[in-house]
Number of protein chains: 4
Amino acid sequence: MSERSPQKQYRPRKAPSQARSEETVASIVEAAAQVLESEGFEGFNTNAVARRAGVSIGSLYQYFPGKDALTVALIRRETKRFHDDMAVALTLRSAKAALEYLIGAAVRQQLQRPVLAKLLDMEESRPGLAGEVGKLDLEALFATVVQRAIPKHTRPEVAAGDLFAITRGMVDAAGQRGETDLEDLERRLKAALFGYLSKAGAD
Amino acid sequence: MSERSPQKQYRPRKAPSQARSEETVASIVEAAAQVLESEGFEGFNTNAVARRAGVSIGSLYQYFPGKDALTVALIRRETKRFHDDMAVALTLRSAKAALEYLIGAAVRQQLQRPVLAKLLDMEESRPGLAGEVGKLDLEALFATVVQRAIPKHTRPEVAAGDLFAITRGMVDAAGQRGETDLEDLERRLKAALFGYLSKAGAD
Amino acid sequence: MSERSPQKQYRPRKAPSQARSEETVASIVEAAAQVLESEGFEGFNTNAVARRAGVSIGSLYQYFPGKDALTVALIRRETKRFHDDMAVALTLRSAKAALEYLIGAAVRQQLQRPVLAKLLDMEESRPGLAGEVGKLDLEALFATVVQRAIPKHTRPEVAAGDLFAITRGMVDAAGQRGETDLEDLERRLKAALFGYLSKAGAD
Amino acid sequence: MSERSPQKQYRPRKAPSQARSEETVASIVEAAAQVLESEGFEGFNTNAVARRAGVSIGSLYQYFPGKDALTVALIRRETKRFHDDMAVALTLRSAKAALEYLIGAAVRQQLQRPVLAKLLDMEESRPGLAGEVGKLDLEALFATVVQRAIPKHTRPEVAAGDLFAITRGMVDAAGQRGETDLEDLERRLKAALFGYLSKAGAD
DNA sequence: TATGAATGAGCCTTCATTCAT
DNA sequence: CATGAATGAAGGCTCATTCAT
């Protein structure tokens, strides 16, 4: 059966009610991350993931209905990591500080596991997976913070989207180049974002 | 020595000397573009490309020594289209006008075949293909124009790289979202790039 | 390291730990023998072998990393059969009896599955497989026995090599012609080997 | 059309009546020899032969109805070379001298183009080609000479066959090992053949 | 007749997925 | 529930052969 059924589930097959299951699921997802990082797309296959996770391929399919579900779970995990860090920005009083925190989060996120981040960016845009993942959540959070910083901006959602795109572009490129100087990257990123706002702020 | 070198060739197998051949090669590359656009990575296989091109699989392999070579050819074709447009900027007297022309070229490029552009950006960064494509040429051209515009900038290559990354990020995102308003995108992109320069210009 | 080493493995992919697996492996090797015998080189392909073995092509590749590994396994099986029989010669006290036993073993070996033996002799000399198989083991065993029989011979390794070559030549030819009279062949082979020794013995 | 028709012709498509054609045919056969020697079986394909011969693949098929026909032609050429050399033995008065000449011819033949000789030995025994080639001619000539040397031998054809097999076995092995000392090989070969005759001569 | 572009059957191999144990 | 042997669709690629020019 190679015809991908449109009703295919991307959610884990079972809500892992027991602690044991939860552990297994987590170990599989982490194994997926590791395989993707060390072997790239070419080597990202379910058998390799199961092997690395130390479970049987049968078990993997017990928890994930298919390869895509596993990919989605991995993307969700990474997105959540990012989202949780970004959410801290919401607790900051100063809007500018919040925006700066966001920038720092983006840089941190990317430079922690750059290869993984890049690969997931790619997977994320696969038509079959589109929308299934919580990318928009990130943009929404981003937008919330941004809009607090630029209350007088016309079209704040557009601006938020652009800032997000700029961030992603610069940060991906930095990962690609193998940059490791976080502070330098952060400084340039701030220049880009605040620069954008200063020019586009009052259309 | 019959051992096939592991360093696969990415160059077309034969220079299509006859008009007939040239047509065939072009039709295969265009078919590759179409398949990639309509089927995505999953459906991008040599048999599908040959079928879409209306040639046999054997013919495809007569002109391209492998799947990667075909991908590289496609990337080169798209890159060339972009490069040729960008090169016009070099003929402009005003540095600012040149930079603005560049921005327009990037926008035009991306919005013509957005899906294709995004997919190729991805393929381009595949480890196996790295360096084989003319990506650096683009960045080099970009850098040339940028450096004329910002003679007093410290680290002009870094700035050029950042501008390139910003452009790519915004323009990819726009394509992803399905934006069609070229002028609006161009305006925002200018805001981002000139904004970046105004903030990062005098470190 | 995802780059697959060009030095393909010739060893079975997994040691068949379970009885079920062992059977499968054996049936695949036997199927390979049969296909080679009945279809010759032309028809010796992995799909045919899998079909004849009554397993899926996937199973074949679960146990053998490639076609060559399967060939090597077959050669090893046949070589082992021969080797084990020849090894009996080492237990004989009389050097002459040992040599005669060897001759008998060679004749037996060849006439049991003549076509297979000939085909494997050929495959064995394929550049890619050279050294991977236990051919030298056979010659070494042969040499051991021979040297016990001809202690005063100058260049005993050369003599052993020649005797091996004579044996192989005569026995292959007999198989090719479809001879079935083992005793007659054995008599002539003895004439050849002892004749060689009587003439070349005291250079 | 992959089904090999049993009526397939192995003879050149046209009797090359013109000198030009004869040259072309010869150059193709020589190219076949060279490809087989330098690339082995793996690289022995019609396109490679045509390329090496400096003719188009179409021309090759003009002169040979298929790949097998080309192989047969090559085997015939090599066989003829051998046969012509061996035939000189018939002119010698002494039977022993004739036999010795034969031995020398075999050694020369093998050591001139050892790889080619081995490869052709293999091709020769392919079921599809069996009988099409003139191997038996060689054995017949061999038998004629041998029988002159051993008039009192019982079963002279058997003896001739054995001598042929011994010769082929030793000479192939020598080629395989890369031996270059013709005289040494010849001496050992004589020991083998005359040794065989001395032992098997008077059953 | 020569050419070489084109053809496509068929081979090797991978990997997502299933299911008997 | 876990296991991992088994499955087979599908994809990359080669090469003998044909045929329009």
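Chain identifiers are assigned alphabetically (A, B, ...) following the order of the sequence lines, protein sequences preceding nucleic acid strands; residue numbering begins at 1 within each chain.
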### Task
Decide yes or no for C:Asn45 and C:Val49: does some side-chain heavy atom of the first lie under 4.5 Å from some side-chain heavy atom of the second?
no

#### Entry: First of D:Phe44 and C:Gly54 reached from the 5' end of DNA chain F, by closest nucleotide
C:Gly54

### Message
Please classify the nucleic acid contact of B:Asn47 as base, sugar-phosphate, or nothing, using heavy-atom distances under 4.0 Å.
### Response
base

### Query
So, A:Ser59 side chain and A:Gln62 main chain: donor-acceptor pair closer than 3.5 Å or not?
no

### Task
Nearest whole angstrom, please: distance from the P of E:dT14 to the CD of B:Glu42.
19 Å

### Message
Counting only side-chain nitrogens and oxygens, does A:Gln62 get under 4.0 Å of the OP1 or OP2 atom of F:dA2?
### Response
yes

### Message
How many whole angstroms separate atom CD of A:Glu39 from atom P of E:dT14?
### Response
15 Å

### Message
Does a side-chain N or O of C:Tyr61 approach OP1 or OP2 of E:dT13 to a distance below 4.0 Å, or not?
### Response
yes

### Query
Is the closest basic N to carboxylate O distance between D:Arg113 and D:Glu30 below 4.0 Å?
yes

### Message
Let me confirm one number: the CZ-CG distance from A:Arg52 to A:Asn47, rounded to the nearest 0.5 Å.
### Response
14.0 Å

### Summary
Encoded 5' to 3' (Watson-Crick or G-U under 3.5 Å; [ ] crossing; | other strand), DNA chain F becomes .||||||||||||||||||||

### Between P of F:dG11 and CZ of B:Phe41, the distance in whole Å
16 Å

### Query
Please give, in whole Å, the distance from F:dA5 P to C:Ile28 CD1?
12 Å

### Message
Quick check: do B:Leu70 and B:Leu74 have side-chain heavy atoms less than 4.5 Å from each other?
### Response
no

#### Entry: Spacing of CG belonging to D:Leu36 relative to CD belonging to D:Glu42, to within rounding of 0.5 Å
11.5 Å

### Query
Any side-chain N or O of C:Thr24 under 4.0 Å from OP1/OP2 of F:dA6?
yes

### Query
Taking only side-chain nitrogens and oxygens of D:Ser56, does any of them come within less than 4.0 Å of OP1 or OP2 of E:dA2?
no

### Message
Taking only side-chain N and O atoms of B:Ser59, does any of them lie within less than 4.0 angstrom of OP1 or OP2 on E:dA5?
### Response
no

### Task
For A:Asn45 and F:dA9, give me the distance from atom CG to atom P, rounded to whole Å.
20 Å

### Message
I want to check one thing: is the phosphate of E:dA6, taken as OP1 and OP2, less than 4.0 Å away from some side-chain N or O of B:Tyr63?
### Response
yes

### Query
Would you say a side-chain N or O of A:Thr46 is under 4.0 Å from OP1 or OP2 of E:dA16?
yes

### Query
Choosing from F:dT18, E:dC12, F:dC15, which nucleotide comes nearest the side chain of D:Ile57?
F:dT18

### Query
What integer distance in Å separates C:Lys67:NZ from F:dC13:P?
18 Å

### Task
Quickly work out the D:Arg51 CZ to E:dA5 P distance and round it to whole Å.
12 Å

### Task
Show the numbers, then the answer: is there a side-chain contact (heavy atoms from CB on, under 4.5 Å) between C:Thr46 and C:Phe64?
CA-CA 10 Å; C:Thr46 55; C:Phe64 300 95; over 6 Å; no

#### Entry: With C:Ala50 via side-chain contact (heavy atoms from CB on, under 4.5 Å) - residues at least two apart
C:Val55, C:Ile57, C:Leu60

### Euclidean distance, atom CG of residue C:Leu60 to atom P of F:dA5 [Å, nearest integer]
15 Å

